[in-house]
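Before any comments, here is the structure.
All values derive from a computational prediction rather than experimental measurement.
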Amino acid sequence: MSTYVLVPGFFFGPWVWEAVGRLLRDAGHEVRAVSLTGQGERAAEATPEATPEVGVSTHVADITDAIGDADDVVLVLHSGATIAGTAAADRLPERLRRIVYVDTAPFPDGMAQIEFLPPDAQAEQRRRIETDGKGRLLPARPFDEDDQRRDPVSLAGLSADDLTRMRRRATAQPAALVLDPARRPAEIPDTPRTLIASTFTVDQVRAMVAAGLPAFTMLAGPGWAMTELPTGHWPMLSRPKELAELLLAM
């Protein structure tokens, strides 16, 4: 039996992993879906007084606490969980059997989540943090039909019911998680790693690695397995059965 530690990306709590978690448990494994400080079910902890203290190190502690004393851990990171999740993995390599990056990748030392975006999108995100989020929070995206029409790639495969649930349960993200840079040790553990690409292909990833794009440099070298699950950016909702099958095969 393995322990699957499932970490949600921005705006959501552990509920987003419910269908995948159920399938993993049905296969006989332990599942720990992580509840992160200041988002999802714990959004109330992102108060004006507390939010400046909720950053990458906070979420690293949440993830390491969830791993606890478990062994043979498969750590599954979605999207915005990559920086804190990778930092947690760097601290606990002896407990991990594999790290799985779901439509995301580890960032190099010094790179912040916002830097993954093109310059105009970075500027818009900073504006939303400063105005709508009062400098503390990044508001969640709309997750409605208009949003899906504007961004059919990220929101592919989601039904109207999925969007309704996402819209109702999405919460603003503590801004430090968007703005704080990744910190990696000089010697990175050689834990086996898998990329599950959903909104891009493995060939595209390899081309970006070869081009030396900063967000993809950590995907170079040995130790990586890469596979595709074509759908939108939230495969745990759009294709939970197929995602669970990929995780069980690792």
Side-chain angles (χ1 to χ4, degrees), residues 7-13 16 36-40 43 46-48 50-56 58-59 77-86 101-158 160 162-183 197-200 204-205 208 211-218 231-238:
V7 189
F10 287 174
F11 310 128
F12 297 124
V16 78
L36 297 168
T37 303
Q39 72 181 70
T47 63
T51 302
E53 305 302 324
V54 178
V56 171
T58 315
H59 283 194
L77 309 174
H78 176 245
S79 189
T82 181
I83 290 180
T86 300
Y101 290 88
V102 179
D103 217 39
T104 190
F107 287 178
D109 185 69
M111 183 176 180
Q113 188 78 33
I114 196 170
E115 294 178 79
F116 182 75
L117 303 173
D120 57 341
Q122 289 188 40
E124 173 61 15
Q125 204 161 87
R126 291 183 190 278
R127 184 199 66 77
R128 294 181 67 214
I129 290 171
E130 290 305 315
T131 57
D132 302 335
K134 299 181 179 180
R136 302 182 298 105
L137 300 167
L138 172 66
R141 61 189 293 173
F143 293 114
D144 56 19
E145 292 181 1
D146 287 340
D147 194 17
Q148 192 172 46
R149 281 191 289 271
R150 287 190 297 267
D151 187 3
V153 174
S154 290
L155 298 176
L158 296 168
D162 290 330
L163 290 172
T164 297
R165 193 159 49 127
M166 295 168 81
R167 185 167 61 252
R168 289 176 176 171
R169 303 191 72 168
T171 61
Q173 189 71 25
L177 277 300
V178 183
L179 304 173
D180 284 357
R183 294 302 179 204
S198 294
T199 57
F200 44 87
Q204 288 173 324
V205 172
M208 288 183 281
L213 295 182
F216 295 87
T217 56
M218 303 305 294
T231 184
H233 189 55
W234 285 269
M236 66 284 293
L237 297 177
S238 60

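- The heavy-atom pair separating Pro142 from Arg150 by the smallest distance is CG-NH2, 3.9 Å.
- Under the 4.5 Å side-chain criterion, counting only non-hydrogen atoms from C-beta, Arg126 is in contact with Leu179.
- A donor-acceptor pair is defined here as one N or O able to donate and one able to accept, closer than 3.5 Å; no such pair exists between the side chain of Ser198 and the backbone of Pro235.
- Within the 3.5 Å criterion, the main-chain N or O of Leu163 finds no donor-acceptor partner in the side chain of Arg168.
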task = Could you walk me through whether Glu130 and Arg127 pass the salt bridge (Lys or Arg N to Asp or Glu O under 4.0 Å) test, one step at a time?
result = CA-CA 5 Å; Glu130 290 305 315; Arg127 184 199 66 77; over 6 Å; no
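- Put simply, the side chain of Leu138 does not reach to within 4.5 Å of the side chain of Asp132, judged on heavy atoms.
- When all heavy atoms of Gln148 and Leu158 are compared, the pair lying nearest together is NE2-O, 3.1 Å.
- To the nearest 0.5 Å, the span separating CZ on Phe143 from OG1 on Thr164 amounts to 12.5 Å.
- Side-chain atoms of Val178 and Phe10, non-hydrogen and from C-beta on, do get closer than 4.5 Å to each other.
- The heavy-atom pair separating Pro174 from Thr37 by the smallest distance is CG-O, 4.4 Å.
- By the 4.5 Å heavy-atom criterion applied to side chains, Tyr101 and Thr86 are counted as neighbours.
- In Gln204, the CD atom is crowded: over 12 heavy atoms of neighbouring residues, nucleotides or ligands sit closer than 6.0 Å.
- Distance check, rounded to the nearest 0.5 Å: CD of Gln122 to CD of Glu115 gives 6.5 Å.
- The two residues Val16 and Pro8 come nearest to each other via the heavy atoms CG1-CB, 4.0 Å.
- In terms of heavy atoms, Glu145 sits closest to Ala160 at OE2-CB, 4.3 Å.
- Aromatic pair Phe107/Phe216: centroids not less than 6.0 angstrom apart.
- Between His233 atom NE2 and Thr199 atom OG1 the span is 6.5 Å, to the nearest 0.5 Å.
- A distance of 9.0 Å separates OG1 in Thr58 from CG in Asp180, rounded to the nearest 0.5 Å.
- Annotation: the span from Leu155 atom CG to Asp146 atom CG amounts to 11.5 Å, rounded to 0.5 Å.
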message = Under the criterion side-chain contact (heavy atoms from CB on, under 4.5 Å), I'd like the reasoning laid out for Arg136 against Ile129: C-alpha separation, chi angles, the key distance, then a yes or no.
response = CA-CA 7 Å; Arg136 302 182 298 105; Ile129 290 171; over 6 Å; no
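- Taking 4.5 Å as the limit, every side-chain heavy atom of Leu177 sits out of range of all side-chain heavy atoms of Gln113.
- How far CG of Asp144 is from CZ of Arg149: 8.0 Å, rounded to the nearest 0.5 Å.
- Asp151 places a side-chain heavy atom less than 4.5 Å from the side chain of Val153.
- Side chain of Thr104 to backbone of Ser79: a donor-acceptor contact under 3.5 angstrom is found.
- Gln125 is not listed as a side-chain neighbour of Pro139, based on a closest heavy-atom distance of 4.5 Å or more.
- Donor-acceptor pairing under 3.5 Å is recorded for the side chains of Thr231 and Ser238.
- Looking at His59, its side chain never comes within 3.5 Å of a backbone N or O of Gly85 through a donor-acceptor pair.
- No close placement of the Phe11 and Trp234 rings is indicated, their centers lying 6.0 Å or farther apart.
- Taking 4.5 Å as the limit, some side-chain heavy atom of Ser154 sits within range of a side-chain heavy atom of Arg141.
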